[in-house]
Amino acid sequence: DGYVFKGRPCAVVGGGDTAMEEALMLSRICSSVHLIHRRDSFRASLVLQQRVLGNANIKVMWNKQIAKYVGKEITLESGEQQTTLKHIELDDTADPSQERIVLPVDAAFVAIGHDPNTGLLA
């Protein structure tokens, strides 16, 4: 889906290998990538961490979590109404008293892994 947002700002949520790979791929096609992670360190492999941290097109936002996705209505050429992402709002996980951050992005990709943690359902 990243190519739909070519040249536009986006966000990736996560801190593992999946999020790193997604952010690196999107950094080549999007105008900017905000990598949002709820902790102060990644769980991804060291090689992927180094690539992400060394990429000028990726901004890491440590100790943040998405509080809200905010949409906007647009009218397509066909006259049809469609809701798209206007911005996301971020809370600080290290200091909840901090003011919420408004981050204007056109897309948010949640990359929290390939294996769902469903063990509690068994």
Side-chain angles (χ1 to χ4, degrees):
D1 292 340
Y3 287 100
V4 173
F5 300 99
K6 183 176 183 176
R8 296 159 61 187
C10 73
V12 174
V13 181
D17 286 349
T18 302
M20 301 296 120
E21 291 167 355
E22 191 77 13
L24 288 164
M25 188 275 298
L26 290 169
S27 74
R28 294 190 299 271
I29 57 176
C30 294
S31 63
S32 62
V33 177
H34 296 270
L35 180 57
I36 301 164
H37 188 50
R38 63 184 170 159
R39 293 185 190 73
D40 61 358
S41 62
F42 292 129
R43 291 188 176 188
S45 69
L46 185 57
V47 158
L48 286 173
Q49 289 183 47
Q50 290 170 337
R51 287 183 189 158
V52 163
L53 294 171
N55 189 315
N57 204 31
I58 300 173
K59 180 182 181 202
V60 178
M61 302 187 80
W62 302 105
N63 298 312
K64 302 291 184 270
Q65 66 183 6
I66 295 182
K68 189 176 187 181
Y69 294 88
V70 178
K72 64 182 175 187
E73 292 289 323
I74 62 168
T75 304
L76 302 175
E77 290 179 12
S78 64
E80 183 181 345
Q81 291 289 110
Q82 182 177 351
T83 303
T84 64
L85 186 61
K86 178 181 178 187
H87 66 263
I88 53 179
E89 296 180 7
L90 305 173
D91 284 339
D92 192 303
T93 59
D95 184 2
S97 68
Q98 289 290 319
E99 191 170 317
R100 189 170 274 178
I101 296 170
V102 174
L103 182 64
V105 292
D106 291 340
F109 299 90
V110 180
I112 55 174
H114 295 294
D115 298 325
N117 187 5
T118 58
L120 63 114
L121 301 174

When rounded to the nearest 0.5 angstrom, what is the spacing between [atom1] in [X] and [atom2] in [Y]?
X	Y	atom1	atom2	result
Ile74	Thr84	CD1	OG1	4.5 Å
Lys6	Arg8	NZ	CZ	12.5 Å
Leu53	Lys59	CG	NZ	13.5 Å
Leu90	Arg38	CG	CZ	14.5 Å
Glu21	Asp17	CD	CG	6.0 Å
Asn63	Gln65	CG	CD	10.0 Å

[X] vs [Y] side-chain heavy atoms within contact, under 4.5 Å:
X	Y	result
Met20	Leu35	yes
Ile29	Tyr3	yes
Asn55	Arg51	no
Thr93	Arg39	no
Val102	His87	yes

Should [X] and [Y] be counted in the same cluster of Ile, Leu, Val, Met, Phe, Trp and Tyr side chains packed under 4.5 Å apart?
X	Y	value
Phe109	Val13	no
Val52	Met61	no
Leu48	Val12	yes
Trp62	Ile101	no
Ile112	Val105	yes

Quick one: does any side-chain atom of Asn57 pair with a main-chain N or O of Cys30 as donor and acceptor, under 3.5 Å? yes
Flag, side chain of Gln49 to backbone of Ala44, donor-acceptor distance under 3.5 Å: yes
On a heavy-atom basis, which atom in [X] and which in [Y] lie closest, and how many Å separate them?
X	Y	result
Gly15	Ala19	N-CB, 3.8 Å
Leu26	Cys10	CD1-SG, 3.9 Å
Ser31	Pro9	OG-N, 3.1 Å

Candidate pair Leu85 and Asp106, rule side-chain contact (heavy atoms from CB on, under 4.5 Å), full reasoning: CA-CA 6 Å; Leu85 186 61; Asp106 291 340; over 6 Å; no
Is it the case that Glu73 and Thr83 place a side-chain donor and acceptor less than 3.5 Å from each other? yes
Using a cut-off of 6.0 Å, state whether more than 12 heavy atoms not belonging to Gln81 lie near its atom CD. yes
Heavy atoms from other residues, nucleotides or ligands near CZ of Arg43 exceed 12 (cutoff 6.0 Å): no
Go through it in stages, so that I can follow the logic: the residues are Leu24 and Val33, the test is side-chain contact (heavy atoms from CB on, under 4.5 Å), and I'd like the CA-CA distance, side-chain angles, deciding distance and then a yes or no. CA-CA 9 Å; Leu24 288 164; Val33 177; over 6 Å; no
Applying side-chain contact (heavy atoms from CB on, under 4.5 Å) to Glu89 and Val70, what does each step give before you reach the verdict? CA-CA 8 Å; Glu89 296 180 7; Val70 178; 3.6 Å; yes
Using the salt bridge (Lys or Arg N to Asp or Glu O under 4.0 Å) rule, take Lys64 and Asp91 through it: C-alpha gap first, then chi angles, then the decisive distance, then the call. CA-CA 6 Å; Lys64 302 291 184 270; Asp91 284 339; over 6 Å; no
Stepwise side-chain contact (heavy atoms from CB on, under 4.5 Å) test for Ile88 and Ile36: CA-CA 11 Å; Ile88 53 179; Ile36 301 164; 3.5 Å; yes
For His37, give me all partners under ring pair (Phe, Tyr, Trp, His ring centres under 6.0 Å), at least two apart in sequence or on another chain. Phe42
